[in-house]
Amino acid sequence: MIHPQPDPPAERGREDEKADLPPSQKRGPGDNPLVSRAKSIAILLVVAIGAFYLGSLSEFQWGSAAPDWAKTLLFYSPPKTNVDWRALDEVFTTITQHYVKANPDGVKLTQGAASGMVGGLGDQFSRYLTKAEYDANQNFLNGQFAGIGATVQQKGDQIFIQGVLPGTPADKAGIKAGDVIVAVDGQSTKGWTADDAVNHIRGQANTQVRVQVTRNGQTLTFTMTREVINVPSVVTHVFDHRVLYVRIFDFGSRTATEFDQALRTGLTGSVNMVLLDLRDNPGGYVDAANSVVSEFVVSGTSTILVQRGGSEQARKVTGDGRAFSNKVNESSASASEITAGAIKDHGRGKLVGAKTFGKGSVQEDFHLRDGSDLHLTVEEWLTPNHHSIEKTGITPDDAVKLANSQDEYAVEQTPNDFSKDTQLTAALALLES
């Protein structure tokens with residue numbers, strides 16, 4: 001706040017008293033102290049508002065929500081585009097005036113419009129999330145959510161079970177990896193995305209959900225009670241007193257810490273090799289992938305991020321050079337592929353298994369004023385050797401098929417049996433050689 005100085009006393013002295021003042025304090029016949037002070041205050045206000053305007057305008061253009069009064073004060077207008085805002089307003093007005101059921105929910109209309117606008121991008125990885133959906137997604141990356149304990153993935157217009165955690169409601173009910181989800185609580189999954197399926201299956205703990213699947217031409221229905229699922233990001237096992245097997249289920253907020261701890265406690269005594277299993281890993285945070293890569297690449301680039309306009313940003317890592325083998329499959333995606341691609345390009349390990357999913361983009365969350373979220377593709381990424389894996393995936397050095405997804409080694413289960421896991425057997429043989 002600007003505090004004006006108190007007015008000087010009124011001039012009551014003689015003319016010769018004014019002559020005794022220094023030249024800088026002499027007033028001309030037309031000077032008015034109030035006008036001068038007002039001018040100074042006005043200049044300060046203009047400078048302050050100008051600085052605020054420039055900073056705020058820059059912030060607005062990058063998508064931050066600003067209060068309406070601030071936008072009005074700063075004469076803010078959104079970036080120029082051919083979006084027909086009048087048409088959107090006309091649709092909303094027509095619905096409110098003529099829809100058969102009076103007083104439609106404006107919040108749901110807004111959410112539907114936002115979701116539809118993002119859908120217009122034609123990008124399956126960009127999406128609008130309500131506050132509840134965003135919170136659920138964060139809980140998953142943090143390793144805790146209420147659900148049935150199964151991961152899902154979308155291929156074409158089908159949504160199938162990607163993996164089932166042992167001891168969870170899905171495991172106890174008999175759901176298997178590879179099952180195709182056709183309905184949830186009686187609602188058909190036709191037209192759904194994988195996120196839609198997840199949001200319908202998850203819910204409050206101790207509530208029931210009914211999931212219908214098809215398996216080998218047979219339709220099966222499972223009714224399960226949701227439970228709070230605590231998902232470890234990293235699980236290990238030691239083979240033949242020499243090989244530390246490390247399974248990473250996702251690249252979440254805990255992955256870097258859990259992975260570092262797994263290596264510190266596991267690589268002791270005669271155990272001096274690492275087998276990294278990224279199968280069925282849907283990805284997660286780029287930084288978590290960089291942390292894993294840094295354990296194997298001594299120095300160099302882990303990935304190259306290509307931003308809007310084509311500018312590139314190389315992510316650098318430094319770490320230890322551990323001998324290891326890496327297993328991937330068609331369900332290894334995103335951050336899993338960043339890890340596999342960096343390890344392959346740097347020659348730090350061999351990839352065994354099947355070609356990966358092929359997701360070569362990076363998404364960022366933009367939080368909106370009502371707590372909802374815009375999960376938007378903001379970058380593409382390349383391997384250190386400038387290879388794009390978008391929709392093509394990464395081809396393993398040793399292509400090995402798994403006869404049945406149920407034959408995949410489950411490190412979390414006891415006893416551990418990998419006799420039918422042909423990919424694991426091949427990776428161990430490669431590592432030993």
Side-chain angles (χ1 to χ4, degrees), residues 60 62-68 71 78 83 85 88-89 91-93 95-96 99 101-154 157 159 162 181 183-211 224 226-229 231 250 252-253 282-285 334 359 361-378:
F60 297 160
W62 285 104
S64 293
D68 293 333
K71 290 186 176 183
V83 173
W85 300 106
L88 291 174
D89 183 65
V91 170
F92 174 75
T93 302
I95 290 174
T96 55
Y99 182 59
K101 295 181 180 179
N103 302 318
D105 190 329
V107 173
K108 290 185 177 179
L109 291 177
T110 302
Q111 292 173 345
S115 181
M117 186 176 293
V118 177
L121 295 173
D123 177 8
Q124 70 178 106
F125 302 114
S126 292
R127 56 191 183 273
Y128 168 83
L129 301 172
T130 64
K131 184 180 185 305
E133 291 169 344
Y134 173 73
D135 290 343
N137 191 54
Q138 291 303 110
N139 287 338
F140 173 76
L141 287 173
N142 291 331
Q144 187 178 75
F145 60 92
I148 63 172
T151 56
V152 303
Q153 192 172 69
Q154 184 174 7
D157 58 355
I159 300 169
Q162 182 184 43
I181 304 174
V184 178
D185 285 334
Q187 298 183 51
S188 170
T189 58
K190 186 176 182 179
W192 282 13
T193 64
D195 284 327
D196 292 330
V198 168
N199 292 330
H200 280 80
I201 293 173
R202 290 180 187 168
Q204 293 184 348
N206 301 318
T207 60
Q208 287 194 332
V209 60
R210 190 171 73 258
V211 178
M224 295 158 284
R226 297 181 179 97
E227 296 178 2
V228 173
I229 310 295
V231 184
D250 61 49
S253 59
Y285 296 129
S334 187
K359 180 179 179 291
S361 60
V362 178
Q363 288 67 43
E364 183 177 345
D365 289 306
F366 295 85
H367 306 303
L368 307 181
R369 66 175 72 194
D370 62 348
S372 59
D373 180 77
L374 184 58
H375 190 71
L376 192 67
T377 299
V378 294

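FYI, the numbering just counts along the sequence from 1.
Partners of Glu133 according to the side chain to side chain contact (heavy atoms under 4.5 Å, CB included) rule, which considers only residues two or more places apart in sequence or in another chain, are Leu129, Thr130, Asn199. Not counting sequence neighbours, the partners of Asp135 by the salt bridge (Lys or Arg N to Asp or Glu O under 4.0 Å) test are Lys131. For Thr96, there are no side chain to side chain donor-acceptor pair (under 3.5 Å) partners two or more places apart in sequence or in a different chain. Under the side chain to side chain contact (heavy atoms under 4.5 Å, CB included) criterion, Ile229 pairs with Phe145, Leu165, Thr168, Pro169, Glu227, Val231, not counting sequence neighbours. The side chain to side chain contact (heavy atoms under 4.5 Å, CB included) check on Ser188 picks up Lys190, with sequence neighbours excluded. Applying the side chain to side chain contact (heavy atoms under 4.5 Å, CB included) criterion to Glu364, with sequence neighbours excluded, gives Phe366, Val378. In this structure Asp373 satisfies the side chain to side chain donor-acceptor pair (under 3.5 Å) test together with His367, sequence neighbours excluded. Judged as a side chain to side chain donor-acceptor pair (under 3.5 Å), and not counting sequence neighbours, the contacts of Ser372 are Tyr128, Asp370. Legend: residues meeting ring pair (Phe, Tyr, Trp, His ring centres under 6.0 Å) with His375, ordered by chain and number and at least two apart, are absent.
Within the 4.5 Å cutoff, the side chain of Gln162 has no heavy atoms near those of the Val152 side chain. Within the 4.5 Å cutoff, no side-chain heavy atoms of Gln124 are placed close to those of Thr193.
No more than 12 heavy atoms of other residues, nucleotides or ligands sit less than 6.0 Å from atom CZ of Phe92.
Contacts classified as salt bridge (charged side-chain N to carboxylate O under 4.0 Å, His left out) and involving residues 114-127 (residues at least two apart or in different chains) are given here: Arg127-Asp195. Pairs of residues two or more places apart, or lying in two chains, never qualify as salt bridge (charged side-chain N to carboxylate O under 4.0 Å, His left out) while including a residue from residues 144-154.
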For residues 103-113, tabulate all N or O donor-acceptor pairs below 3.5 Å that involve a side-chain atom, not counting sequence neighbours.
| unit_1 | atom_1 | unit_2 | atom_2 | d |
| --- | --- | --- | --- | --- |
| Asp105 | OD1 | Val107 | N | 2.9 |
| Asp105 | OD1 | Lys108 | N | 3.4 |
| Thr110 | OG1 | Gly106 | O | 2.8 |

Legend entry - Evaluation steps, side-chain contact (heavy atoms from CB on, under 4.5 Å), between Val209 and Val184: CA-CA 7 Å; Val209 60; Val184 178; 3.9 Å; yes

